[in-house]
Amino acid sequence: MLTIMSQIGFPLYVNKPGRSRSYCCYASSSISAPQVGLNGNTVSSSSRQEIRLGLPSKGRMSSDTLDLLKDCQLSVKQVNPRQYVAQIPQISNLEVWFQRPKDIVRKLLSGDLDLGIVGLDILTEFGQGNDDLIVVHEALEYGDCRLSIAIPQYGIFENVNSLEELAKMPQWTEQKPLRVATGFTYRKSDPCFLLIVQLGPKFMKDNGIKHVAFSTADGALEAAPAMGIADAILDLVSSGTTLKENNLKEIEGGVVLESQAALVASRKSLIGRKGVLETTHEMLERLEAHLRAMGQFTVTANMRGSSAEEVAERVLSQPSLSGLQGPTVSPVFCKRDGKVSADYYAIVICVPKKALYKSIQQLRAIGGSGVLISPLTYIFDEETPRWRQLLSKLGL
Ligand SMILES: Nc1ncnc2c1ncn2[C@@H]1O[C@H](COP(=O)(O)OP(=O)(O)OP(=O)(O)O)[C@@H](O)[C@H]1O
Ligand SMILES: O=P(O)(O)OC[C@H]1O[C@H](OP(=O)(O)OP(=O)(O)O)[C@H](O)[C@@H]1O
Ligand SMILES: [Mg+2]
């Protein structure tokens, strides 16, 4: 019964020992839960006035999400850590709801959330390609991981290092297929509520592995090959430590999906709920401006020269010194023998963090001195490219 319930869209959760409490969830795409709003009233999805943002309540994404929002001056005010509703005072009428990542996706689909931050892996797995889910920002630069195929380093796999070589192994037949354990099945219900396992098998078939059988498990998948339960696994990898510690290896061509944290919205909410589009615009602007600034330093230096143009020419002759739109060059005035003149110029440029040292070397080579480096908080462009993309996805 439990299996049938979960297959037709009613996932059932039990408490995990040693982990935070699980939360009761109304997960069907057609049924939404009555909820208690901040004011204590029970509100239904359609009648509520507030805009709702879902954030990961636990796990490795939760604190990084709060940190990013804080860096964008969107600090989340949570009365205590066990309270699952909070506010971002900077944005009026916005409620934050802490949920498990998969429930954020489900609740975006059911209309119980308008916006959410989740990993692209979870979005793919639980969003199932539903076009009501719109990725507003696909690269929030944390939660980086990849969904990747891994096989044992030993035994028959010792000399297998690519998906192609795995596909060519004579061992896999219809009677004895390659057994792959995964937590990612990319479930999609057909009209008869039967499960169709898509993402992994499609990837395998597309890559020439004809005989493959998937089994599912929720965690510690890396143990499956050594336990004899599976030949390979399809799981998230970040540092690769868990694979190494379990004598497994990734293979060339075996990455099914690259993932990082993303801002996601419900199309219906963006179009139909008052204020959602404006709130999304503000969040997107802040996120983009902050993330762009994260990769850059402001560099200020003094340079002797005969005119601002001559100094600019010298700066622009160096490949790492062109800044975002070119250098700002301002005269540094001093008074000599009662006369005000500018022998020096101050230049200000933005430099990618990765190119910092090269830029300093180039600055010195053209006579730069007194080089000051400061971090950048925001870079606001005239309009964010992602905002344009969002409007076009919405047909606006
Ligand atoms: N090893 C990893 N490194 C970086 N990000 C990861 C890693 N594993 C998962 N993630 C990202 O973090 C998200 C949440 O993963 P996390 O392990 O915290 O929760 P979970 O696996 O969904 O929950 P649980 O393990 O309790 O069932 C994933 O969906 C993925 O986007
Ligand atoms: O490449 P690494 O940096 O070693 O990370 C990979 C591990 O992280 C995730 O597990 P998690 O810690 O979330 O445990 P879980 O199996 O309970 O989800 C994932 O399922 C891998 O097991
Ligand atoms: Mg996990």
Side-chain angles (χ1 to χ4, degrees), residues 6 11-25 27 54-69 81 84 97-109 113 115-128 133 135-153 180-187 199-200 214-227 229-230 232-251 254-264:
S6 68
L12 299 166
Y13 301 123
V14 289
N15 289 342
K16 281 189 189 175
R19 296 239 173 140
S20 51
R21 239 178 45 223
S22 65
Y23 321 117
C24 176
C25 165
L55 299 182
S57 56
K58 62 180 268 292
R60 61 185 86 230
M61 296 259 297
S62 72
S63 66
D64 286 350
T65 303
L66 296 180
D67 290 348
L68 174 67
L69 291 172
Y84 297 124
W97 287 89
F98 290 102
Q99 295 284 290
R100 293 176 72 142
K102 52 186 151 192
D103 289 335
I104 292 177
V105 179
R106 289 172 176 145
K107 286 179 170 143
L108 282 167
L109 285 172
L113 288 172
L115 293 157
I117 293 183
V118 290
L120 290 170
D121 58 321
I122 290 292
L123 183 70
T124 309
E125 172 73 358
F126 292 93
Q128 302 170 356
L133 294 171
V135 179
V136 180
H137 196 306
E138 76 298 343
L140 298 180
E141 294 183 20
Y142 66 96
D144 295 65
C145 55
R146 53 196 179 273
L147 184 61
S148 188
I149 292 160
I151 55 173
Q153 295 167 357
V180 183
T182 188
F184 284 77
T185 52
Y186 186 2
R187 283 166 290 241
L199 192 62
F214 279 83
S215 62
T216 59
D218 278 339
L221 287 167
E222 289 83 354
M227 289 175 81
I229 298 167
I233 64 167
L234 174 62
D235 195 14
L236 295 178
V237 182
S238 175
S239 64
T241 309
T242 315
L243 289 183
K244 210 154 79 198
E245 293 301 324
N246 289 283
N247 301 315
L248 300 173
K249 62 184 177 190
E250 287 184 275
I251 49 177
V255 175
V256 177
L257 188 92
E258 298 273 3
S259 178
Q260 60 178 296
L263 174 65
V264 186

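Both counts, for ligands and for their atoms, begin at 1 and track the order of listing.
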Peer 1: With a 4.0 Å heavy-atom cut-off (strictly under), which part of Asp235 contacts ligand 2: side chain, backbone, both or neither?
Peer 2: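 The side chain, only.
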Peer 1: Heavy-atom contact check, 4.0 Å cutoff: does Lys102 meet ligand 1?
Peer 2: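 No heavy atom of Lys102 comes that close to ligand 1.
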Peer 1: If we set the cut-off at 4.0 Å for heavy atoms, which region of Val118 has an atom near ligand 1: side chain, backbone, both, or neither?
Peer 2: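 It is neither; nothing of Val118 touches ligand 1.
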Peer 1: Using a 4.0 Å heavy-atom cut-off, say whether Ala220 meets ligand 2 through its side chain, its backbone, both or neither.
Peer 2: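 Backbone only; the side chain of Ala220 stays clear of ligand 2.
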Peer 1: Suppose we screen for side-chain contact (heavy atoms from CB on, under 4.5 Å). Which residues come up paired with Thr242, at least two apart in sequence or across chains?
Peer 2: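 Counting only residues at least two positions away or on another chain, Thr242 forms a side-chain contact (heavy atoms from CB on, under 4.5 Å) with Glu222, Asn246.
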Peer 1: For Val105 and Gly127, work out which heavy atoms get closest and say how close.
Peer 2: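 The pair with the smallest heavy-atom distance is CG1-N, 3.5 Å.
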Peer 1: With a cut-off of 4.0 Å, which atoms of ligand 2 are near a heavy atom of Thr241?
Peer 2: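 Result: 1 (O), 4 (O).
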Peer 1: Which donor-acceptor pairs under 3.5 Å do the side chains of residues 60-68 make with protein atoms, sequence neighbours left out?
Peer 2:
from  : atom 1 : to     : atom 2 : distance (Å)
Ser62 : OG     : Gly59  : O      : 3.2
Thr65 : OG1    : Met61  : O      : 2.6
Thr65 : OG1    : Tyr142 : OH     : 2.7

Peer 1: Taking a cutoff of less than 4.0 Å between a non-hydrogen atom of the residue and any ligand atom, is Arg60 in contact with ligand 2?
Peer 2: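 For ligand 2, residue contact (heavy atoms, under 4.0 Å) with Arg60 is present.
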Peer 1: Answer yes or no for Gly143: is there a heavy-atom contact with ligand 1 below 4.0 Å?
Peer 2: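 Under 4.0 Å: yes for Gly143.
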Peer 1: What closest approach, in Å, do Gln153 and Lys249 show between heavy atoms, and which atom pair accounts for it?
Peer 2: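 Closest heavy-atom pair between Gln153 and Lys249: CG-CB, 4.0 Å.
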Peer 1: Show me which atoms of ligand 2 lie under 4.0 Å from any heavy atom of Gly219.
Peer 2: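 Under 4.0 Å from Gly219, ligand 2 has these atoms: 16 (O).
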